[in-house]
Structures are given as structure tokens and as C-alpha cells.
Amino acid sequence: RWENLFKKRMLVHVDAVKEFYAKMTVIDLKKKDVVKSSVKGIGIEFDHERLATILGVLGRTGICEYIKEVWEESKYTKPLDITRRIANNETLTAARRVKSSEMKPFQRFIHFLVMKNMIPRFGKRDTSSFMDLTYMDHLMARRLVDTPRVMMRHMSYVISMKDHELPYGDWLTMVFEAFGVPLVVKKGEEPKKYDFFEDTFLTMCKLTRENGIWWIGSGENRRRDDDVDAPEEETEDEDEGNKDDFD
């Protein structure tokens with residue numbers, strides 16, 4: 001499960017991350033995604049199945065749309081419906097980006113999770129892109145997401161751009177360790193307080209933890225995080241295409 005990625009605090013080895021992306025290439029992206037690179041003279045090569053094993057998440061199953069400027073309708077992606085749900089406004093007549101101020105507290109939490117961890121980027125973070133909204137909807141509906149494949153498509157996009165935030169620094173530490181890259185912790189690379197969700201932020205999002213169980217809401221209206229109908233087993237979706245950037 002992708003939730004496993006948030007259970008372990010990982011250091012970000014900045015120099016190793018920079019070297020990894022500087023030397024990274026992607027082979028046969030449309031058929032079988034294979035990432036190749038090297039760090040400190042040690043070769044690194046993985047497809048999304050190997051990446052899934054390293055990260056301890058599911059692979060080869062779930063949704064892996066990577067949409068950019070064109071927001072197309074698919075089995076799950078109905079742009080107007082998603083916009084209405086996340087903007088909490090049933091009167092909207094057209095799909096559009098949604099500002100965080102329009103979201104409910106729990107939706108803001110999922111928005112933060114997507115934009116900072118699943119598909120990190122530069123630029124304004126108070127407005128959801130089409131892709132943000134799509135994955136927010138998938139997560140809130142508890143649909144299976146092929147996180148490794150989404151990551152690899154985003155990584156491929158990043159190295160094609162001249163100026164883009166280098167994503168997944170903490171998760172790449174798990175990759176470096178799996179391939180035996182020698183890592184030395186430098187001063188300033190330790191996890192910072194703002195790298196984690198603190199109780200104050202979670203409370204603001206109406207999330208509380210009691211006896212090891214997460215609750216959404218408060219008082220008589222609160223519900224367990226797992227009080228949601230389990231989704232039907234998903235089949236792997238076809239690639240929606242890597243369109244031009246919208247940021």
C-alpha cells in the first residue's frame with residue numbers, strides 16, 4: 001500500500017539525488033518503464049515492479065494516469081464531477097482548478113499529500129492542477145493507485161524539463177540503500193520539523209488518532225478512517241499520455 005511510504009522517516013541525501021537525476025535515462029517508456037542511472041559509481045536500474053518491491057507497495061495494479069494540460073474523461077476521471085466534489089459546489093458548470101480555500105479540511109490534507117509527496121512540483125501550491133484533482137479523487141474514493149508507475153512517469157517528465165524540483169528525495173534513499181550506494185549523512189540533511197504532519201496540522205484537518213485508530217471529524221459526526229466501502233478490484237488502466245506542462 002502507498003501508505004507504507006509515510007510510516008518511515010527517511011533522510012534526503014541531496015548530492016546523491018542530484019547525481020541520480022543528472023545521470024538518469026528512461027528506456028522504453030511506453031512498453032516497459034526502465035530507469036537507469038548511477039550514484040557514486042554504482043549502477044542503478046529498475047522497472048516499476050522492482051521499484052514497488054523496494055518501496056514496499058503494490059505494483060502492476062491500480063490507476064496510473066499521468067495527465068497534464070488536457071483533462072480527458074475516462075472510467076473514473078469525470079472532470080466536472082471531480083471539480084464539483086472538491087470545490088464543494090454543485091452549481092459549477094465547467095471543470096476548473098480548485099483553490100485550497102474551497103476545500104474542506106480533510107480535502108486540504110489530501111491536496112497537501114498529493115502535491116508535496118505523490119506529484120511534487122514548484123510553483124503555487126494553493127491551487128490544484130488537473131492531475132492533483134484526479135489523484136485527490138482517487139485517494140478519497142480509496143481506488144488502487146500504481147504509485148511506482150506514477151512516480152516513474154513524473155521522474156521522466158522532470159528530467160525533460162530545464163527547471164523543475166527534483167522529486168522523491170526521501171523515497172530515493174530507499175532505492176540507494178537497495179543498490180548498496182554508500183550514503184553519508186551531512187549536516188543539514190536530517191529531517192526537519194516541517195517535513196512531517198504534526199498534530200496541529202492534523203487537528204486542523206479534523207483528523208485525530210485514538211488507540212491507534214484514525215478518526216475523521218469530531219464528536220458524534222466523526223467516523224473511522226476505514227469506515228469506507230472497499231473499492232472493487234481495479235484492473236490496470238492504460239496510459240493517458242504525458243501532455244505538455246501546465247505550470
Side-chain angles (χ1 to χ4, degrees), residues 1-27 29 33-40 42-60 62-68 110-123 125 128-129 131-132 134-136 138-139 144-181 183 185-186 188-192 194-197 239 242 245 247:
R1 282 184 170 274
W2 60 268
E3 294 98 323
N4 293 337
L5 295 174
F6 301 95
K7 293 180 179 179
K8 187 177 181 180
R9 295 190 174 191
M10 303 298 299
L11 297 174
V12 177
H13 297 271
V14 178
D15 291 343
V17 171
K18 289 180 178 179
E19 184 178 357
F20 173 84
Y21 279 107
K23 298 178 179 178
M24 175 182 155
T25 58
V26 181
I27 303 172
L29 184 61
D33 304 358
V34 177
V35 167
K36 297 185 68 174
S37 186
S38 66
V39 176
K40 297 184 178 180
I42 296 179
I44 296 174
E45 181 174 334
F46 56 81
D47 58 14
H48 72 281
E49 292 177 325
R50 178 72 190 280
L51 182 59
T53 300
I54 293 172
L55 300 179
V57 298
L58 294 175
R60 290 193 60 81
I63 298 162
C64 56
E65 299 164 315
Y66 194 82
I67 52 179
K68 282 291 184 179
I110 297 298
H111 172 224
F112 188 86
L113 192 71
V114 169
M115 70 170 188
K116 192 171 178 61
N117 295 276
M118 180 171 283
I119 315 168
R121 66 178 190 276
F122 278 136
R125 295 183 176 181
S128 291
S129 68
M131 189 152 50
D132 292 338
T134 297
Y135 278 99
M136 286 177 64
H138 290 330
L139 296 181
L144 291 176
V145 173
D146 190 342
T147 305
R149 182 167 285 180
V150 174
M151 288 175 61
M152 291 178 63
R153 289 179 177 174
H154 189 51
M155 292 164 69
S156 176
Y157 170 75
V158 165
I159 64 172
S160 72
M161 302 297 292
K162 294 182 179 180
D163 184 19
H164 200 291
E165 180 177 357
L166 301 180
Y168 313 123
D170 48 352
W171 297 344
L172 280 175
T173 295
M174 301 170 70
V175 174
F176 299 153
E177 291 176 346
F179 283 90
V181 175
L183 300 171
V185 180
K186 294 183 177 181
E189 291 185 333
E190 302 86 354
K192 306 296 189 302
Y194 52 75
D195 289 330
F196 304 99
F197 300 123
D239 183 19
N242 184 359
D245 192 23
D247 289 330

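None of the values given here were measured: they were computed from a predicted structure. Quick note: residue numbers are just sequence positions, from 1.
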Answer whether the closest heavy-atom distance between the side chains of [X] and [Y] falls below 4.5 Å.
| X | Y | value |
| --- | --- | --- |
| V35 | F20 | yes |
| M174 | L55 | yes |
| I159 | V26 | yes |
| V181 | I44 | yes |
| F46 | S37 | no |

Discussion item. One pair to check against side-chain contact (heavy atoms from CB on, under 4.5 Å): L113 and M118. What are the steps and the verdict?
Written reply: CA-CA 7 Å; L113 192 71; M118 180 171 283; over 6 Å; no

Worksheet item: What do the steps show when you test D132 against S129 for side-chain hydrogen bond (donor to acceptor under 3.5 Å, both in side chains), and what is the final call?
Response: CA-CA 5 Å; D132 292 338; S129 68; 3.2 Å; yes

If you round to the nearest 0.5 Å, how far is [atom2] of [Y] from [atom1] of [X]?
| X | Y | atom1 | atom2 | result |
| --- | --- | --- | --- | --- |
| M151 | L172 | CE | CG | 6.5 Å |
| Y157 | I119 | OH | CD1 | 11.5 Å |
| R149 | Y66 | CZ | OH | 14.5 Å |
| L166 | K18 | CG | NZ | 8.0 Å |
| R153 | H48 | CZ | NE2 | 8.5 Å |
| I63 | L139 | CD1 | CG | 9.5 Å |

Discussion item. Name the residue from F179, W171, F176 that meets the side-chain contact (heavy atoms from CB on, under 4.5 Å) definition with I54.
Written reply: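 It is F179; the other options fail the test.
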
So which heavy atom on [X] is nearest to which on [Y], and how close?
| X | Y | value |
| --- | --- | --- |
| M152 | L51 | CG-CD2, 3.8 Å |
| P148 | V57 | CG-CG2, 3.6 Å |
| M24 | S156 | CE-N, 3.9 Å |
| C64 | D146 | CB-CB, 4.0 Å |
| P120 | H154 | O-NE2, 2.8 Å |

Worksheet item: So with a 6.0 Å cut-off around NZ of K40, is the heavy-atom count from everything else above 12?
Response: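 Yes - once you tally the heavy atoms of other residues, nucleotides and ligands closer than 6.0 Å, there are more than 12.
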
Worksheet item: Is Y135 reaching over with its side chain to a backbone N or O of M115, donor-acceptor style, under 3.5 angstrom?
Response: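 No: the side chain of Y135 does not pair with the backbone of M115.
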
